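Shown next, in structure tokens, is the structure this report addresses.
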Amino acid sequence: MNIEQYLNQEIHKALERIFEQEIDPKQVQIQRTKADFEGDFTLVVFPLLRLAKTKPEDAAKRIGDFLVEKSVVFDRFNVVKGFLNLTLSHGFWLNALQDIVQQPDFGFAEKGSGKKIMIEYSSPNTNKPLHLGHIRNNLLGYAVARILEACGNEVVKVNLVNDRGIHICKSMLAWQRWGEGKTPSDLGVKGDKLVGDFYVRFDQEYKKQIEALKQEGKTEDEAKDQAPLILEAREMLRKWEDRDSEVMKLWEQMNSWVYEGFDETYNRLGIEFDKVYYESDTYKKGKELVLNHLEKGLLKKKEDGSVWADLTEDKLDEKILLRSDGTSVYMTQDLGTAVQRFADYDIDQHVYVVGNEQDYHFKVLSLILKKMGYEWATQLFHLSYGMVELPSGKMKSREGTVVDADDLIDTMISTAAKASADSGKLEGMSQSDIAYVHNIVALGALKYFILKVDPKKNMLFNPEESIDFNGNTGPFIQYTHARIRSLMRKADVENQLPQFPLSIDLQPKEQELIQQFGHFPNVVAEAGKSMNPGFVANYLFDLVKTFNQFYHDHSVLNETDEDVRNLRLSLSWQTGQIIKNGMWLLGIDVPERM
RNA sequence: GGUCCCGUAGCUCAACUGGAUAGAGCAACAGCCUUCUAAGCUGUAGGUUCCAGGUUCGAGUCCUGGCGGGAUCACCA
């Protein structure tokens with residue numbers, strides 16, 4: 001139990017005694033007191049006026065008198081309008097710190113107390129390298145997975161790779177024709193880049209053919225439909241579906257190149273999966289499910305043989321589930337995999353990290369499953385996130401404005417290296433240690449920059465200005481951690497913390513720090529509930545600011561009063577622990593030095 | 001056009017989900033390196049929270065209607 005929960009409980013009990021009746025916990029609103037007012041926590045008395053039947057000020061005073069008189073926790077109070085500002089005793093704060101220090105993993109709920117949750121994220125196409133949009137997806141998915149885990153849930157992280165379809169055939173065909181048999185290692189490029197390049201090549205050649213056909217008098221649509229390249233690509237897809245051995249071989253080879261490239265990028269980003277699904281294995285799933293429900297009369301078949309779900313009574317359109325040739329569409333696959341995953345893994349919830357352009361898709365998905373009678377249909381959660389926009393607008397591959405994930409990471413690392421060299425703080429360290437620090441600082445900057453923004457909002461990314469290392473940034477938080485670790489080394493208390501006495505005066509900023517320590521579990525819970533890592537990011541920034549403000553003016557090592565010195569060392573150590581834990585939730589490493 | 005999301009300082013974002021005088025960081029200006037790491041700290045300046053109504057003790061937050069931006073409404077995935 002953290003500080004806020006404890007106070008809530010105590011005050012709730014007191015209120016029931018004062019008003020001699022049961023009180024809805026929702027009416028007990030306790031918040032941290034605003035900086036401009038005296039006090040630590042504030043009780044909002046407006047919701048209680050119906051019980052008190054007096055003016056707000058009088059009710060607040062009555063409650064304040066009672067609390068201060070009956071409990072040693074509350075030292076004094078003041079009343080401003082309907083706000084009861086309570087100041088807690090020093091003893092309470094010191095006890096709270098004592099409790100917090102004794103819980104090494106504090107903020108993290110006990111394992112096994114929660115639900116089993118599957119989270120799907122990343123989900124790339126194999127014909128394009130990862131770009132900035134994927135980075136937001138990957139970072140969000142990974143951070144949310146860790147936060148859910150910290151909230152006591154068992155989490156299964158999965159990736160669904162789109163490795164089939166006409167777009168893959170385009171890359172394959174282009175490579176076959178113009179690739180001269182050269183592999184990624186022959187050319188010295190990443191596999192995913194190579195395949196992406198041939199996808200682009202296909203498109204270029206395809207356009208030339210379309211132009212040529214238009215010169216011959218065909219319409220745009222006819223030209224698009226009849227160009228030799230597209231016909232060949234379709235033929236290749238047919239062969240793929242017939243498991244033609246030559247096509248399969250090519251497909252497997254080119255995919256393996258892509259996966260190698262993806263894995264490298266995932267590694268650099270520091271993200272991972274418990275299981276990878278491939279659409280080539282799952283794309284037929286769902287057909288049987290649809291046919292079953294067709295028999296039951298839930299779905300209907302049109303004259304041409306296509307199967308539809310009628311959602312008009314839910315104010316949505318009709319949705320096709322099987323084409324007239326009997327094949328599955330995207331929705332059908334997702335229906336099938338959802339049913340299978342809930343059965344195979346016995347999960348309670350399923351989170352999909354997918355961009356907001358698919359809001360409609362997921363709305364329909366859970367609606368259809370609900371109509372099919374699956375109780376867990378309401379437990380599908382679409383973690384919908386906004387676009388990453390550039391100063392020039394949206395990323396468009398045709399205009400070459402796509403920000404490539406690997407290029408971006410490279411840029412970040414060289415920027416971090418330069419900033420680091422300018423400061424000269426890493427002198428004397430080995431090259432590999434220095435490279436390690438540059439790497440985690442660069443990625444810390446990138447990850448924090450993206451995660452601090454509310455997922456559902458579109459966000460702006462300016463690659464030219466790159467990312468700051470000052471202010472509300474990952475490196476600022478990492479830097480504070482490095483300084484705290486340095487302090488611990490110099491004080492020689494790394495492994496055992498000194499005990500501090502329980503009778504010592506606390507400075508306001510010291511109380512504020514302890515308050516923030518106690519708030520951390522709430523932040524983690526809130527981040528889990530709303531699947532918003534931004535809560536954690538912004539909390540860490542607040543904490544670090546408070547720490548820096550205070551410690552800039554107070555030397556710990558030169559402190560002669562041993563009690564004060566021990567207390568401040570403890571507060572520093574604790575701040576370092578929370579930074580480490582909090583950044584871990586975001587998937588960001590913290591260095592010992594930087 | 002229907003539906004969904006967004007609109008907060010010059011810029012990028014917060015605001016503990018209905019609480020007090022809307023806060024940070026960039027950028028600008030003025031200070032602080034004999035002081036545990038200056039990737040830091042302290043100040044100054046910057047606001048009709050898109051507009052208009054409504055709900056109530058209280059609205060950036062909730063409801064209605066506008067305006068602006070984005071997404072989506074495929075036998076693509």
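Lettering follows sequence order; numbering is per chain, from 1. Model, not experiment: these values are computed from the prediction.
- For the P atom pair drawn from B:rU44 and B:rU37, the interatomic distance equals 29 Å after rounding to whole Å.
- Anti is the classification of B:rU12, since its glycosidic angle lies more than 90° from 0.
- Of the two residues near RNA chain B, A:Asn356 and A:Leu426, the one whose nearest nucleotide lies more 5' is A:Leu426.
- When heavy atoms are screened at a 4.0 angstrom cut-off, A:Val453 is found touching the sugar-phosphate backbone but no base atom.
- You can call A:Phe46 stacked on the base of B:rG19; the centres are under 5.5 Å apart and the planes sit within 30°.
- Nucleotides B:rG60 and B:rA71, compared at atom C1', are 24 Å apart to the nearest Å.
- Nearer the 5' end of RNA chain B, as judged by each residue's closest nucleotide, is the contact made by A:Phe83, out of A:Phe83 and A:Pro475.
- Counting non-hydrogen atoms under 4.0 angstrom, A:Glu526 reaches a base of the nucleic acid.
- For A:Lys34, the listed nucleotide lying nearest its side chain is B:rA20; candidates were B:rA20, B:rA77, B:rG70.
- Between B:rA59 and B:rC16, the distance separating the two P atoms is 16 Å to the nearest Å.
- As judged by a 4.0 angstrom heavy-atom cut-off over every strand, A:Phe476 is placed among residues touching the sugar-phosphate backbone only.
- When heavy atoms are screened at a 4.0 angstrom cut-off, A:Ser572 is found touching no nucleic acid atom at all.
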Item to check | Secondary structure string for RNA chain B (Watson-Crick or G-U under 3.5 angstrom, | for other-strand pairs) | outcome: (((((((..((((.....[...)))).(((((.......))))).....(((((..]....))))))))))))....

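- Annotation: B:rC50 and B:rU8 have their P atoms spaced 6 Å apart (nearest Å).
- The residue A:Phe37 sits close to a base: some heavy atom pair falls under 4.0 Å.
- Below 30°, between 30° and 60°, or above 60°: for A:His131 and A:His134 the angle between ring planes is between 30° and 60°, a tilted geometry.
- Base contact: A:Gln29 has a heavy atom under 4.0 Å from a base atom.
- The separation of B:rC29 from B:rG65, taken at their P atoms, amounts to 48 Å, rounded to a whole angstrom.
- Of all nucleotides listed (B:rU17, B:rG19, B:rC76), B:rG19 comes nearest to the side chain of A:Gln31.
- Using bins of under 30°, 30° to 60° and over 60° for the plane-to-plane angle, the ring pair A:Trp240/A:Trp251 lands in the perpendicular bin.
- Nucleotides B:rU49 and B:rC6 place their C1' atoms 14 Å apart, quoted to the nearest Å.
- Residue A:Lys545 has its side chain nearest to B:rA24 when only B:rA77, B:rA24, B:rG19 are considered.
- Looking at heavy-atom distances under 4.0 Å, A:Asp492 makes no contact with the nucleic acid at all.
- Glycosidic torsion of B:rC6 falls outside 90° of 0, placing the base in anti.
- The aromatic rings of A:Phe362 and A:Tyr352 are tilted relative to each other, their planes meeting at an angle between 30° and 60°.
- Ranking B:rG40, B:rU3, B:rU12 by closeness to the A:Leu460 side chain, first place goes to B:rU12.
- Nucleic acid contact class of A:His519 (heavy atoms, under 4.0 Å, all strands): base.
- With both ends at atom C1', the span from B:rA9 to B:rC4 equals 29 Å, rounded to whole Å.
- A:Tyr539 and A:His519 have tilted rings, their planes meeting at an angle from 30° to 60° on a 0 to 90° scale.
- Using modelled atom types and a 3.5 Å distance limit, the side chains of A:Ser280 and A:Asp163 yield a donor-acceptor pair.
- The side-chain tip of A:Lys302 points at the ring of A:Trp308 from less than 6.0 angstrom away and within 45° of straight on.
- Within the 4.0 Å cut-off from OP1 or OP2 of B:rC76, at least one side-chain nitrogen or oxygen of A:Arg323 is found.
- In this structure, a donor-acceptor pair under 3.5 Å is present between the side chains of A:Tyr448 and A:Asn472.
- Listed pair A:Lys394 / B:rA71 meets the phosphate criterion, a side-chain N or O lying under 4.0 Å from OP1 or OP2.
- The residue A:Tyr360 sits close only to the backbone: its heavy atoms come under 4.0 Å of sugar-phosphate atoms, none of a base.
- Among the protein residues, A:Lys315 comes within range of no part of the nucleic acid, since none of its heavy atoms lies under 4.0 Å from any strand.
- Listed nucleotides B:rC26, B:rU42, B:rU21 differ in distance to A:Gln549; the shortest reach to its side chain belongs to B:rU42.
- When heavy atoms are screened at a 4.0 angstrom cut-off, A:Asp454 is found touching the sugar-phosphate backbone but no base atom.
- Using a 30° and 60° split on the angle between ring planes, A:Phe547 and A:Tyr551 fall in the parallel class, below 30°.
- Residue A:Leu43 forms a side chain to side chain contact (heavy atoms under 4.5 Å, CB included) with just one option from A:Ile63, A:Thr33, A:Asn85, A:Leu7, and that option is A:Ile63.
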Checklist entry - Going through the distances and angles, do A:His361 and A:Tyr330 end up as a ring pair (Phe, Tyr, Trp, His ring centres under 6.0 Å)? => result CA-CA 9 Å; A:His361 172 81; A:Tyr330 178 41; 4.2 Å; yes

Could you run down the sub-3.5 Å N/O contacts of the protein with nucleotides 31-38 of chain B?
unit_1, atom_1, unit_2, atom_2, d
B:rC36, O3', A:Lys490, NZ, 3.3
B:rC36, O2, A:Val556, N, 3.1
B:rC36, O2, A:Leu557, N, 3.0
B:rC36, N3, A:Val556, N, 3.2
B:rC36, N4, A:Tyr551, O, 2.5
B:rC36, N4, A:His554, O, 3.0
B:rU37, OP1, A:Ser486, OG, 3.0
B:rU37, OP2, A:Lys490, NZ, 2.7
B:rU37, O2', A:Tyr479, OH, 2.4
B:rU37, O2, A:Lys425, NZ, 3.1
B:rU37, N3, A:Met594, O, 2.9
B:rU37, O4, A:Met594, N, 3.3

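- Closest approach to the A:Tyr330 side chain among B:rA77, B:rC26, B:rG19 is made by B:rA77 (side chain taken as heavy atoms from C-beta onward).
- Note on A:Gln478: nothing from the nucleic acid sits closer than 4.0 angstrom, heavy atoms only.
- Rounded to whole Å, the C1' atom of B:rG46 lies 14 Å from the corresponding atom of B:rA22.
- Using modelled atom types, one finds a donor on one side chain and an acceptor on the other under 3.5 Å when comparing A:Gln549 with A:Lys509.
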Output side-chain donor-acceptor pairs under 3.5 Å for residues 480-491 of chain A, partner residues at least two apart or in another chain, one line each.
unit_1, atom_1, unit_2, atom_2, d
A:Thr480, OG1, A:Phe476, O, 3.1
A:His481, ND1, A:Pro591, O, 3.0
A:Arg483, NH2, A:Asn548, OD1, 3.0
A:Arg485, NE, A:Glu592, OE1, 3.2
A:Arg485, NE, A:Glu592, OE2, 3.4
A:Arg485, NH2, A:Glu494, OE1, 3.1

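- Comparing atom distances between the A:Met459 side chain and each of B:rC13, B:rA77, B:rA20 picks out B:rC13 as nearest.
- Side-chain proximity of A:Gln358 to B:rC41, B:rA77, B:rC6: nearest is B:rA77.
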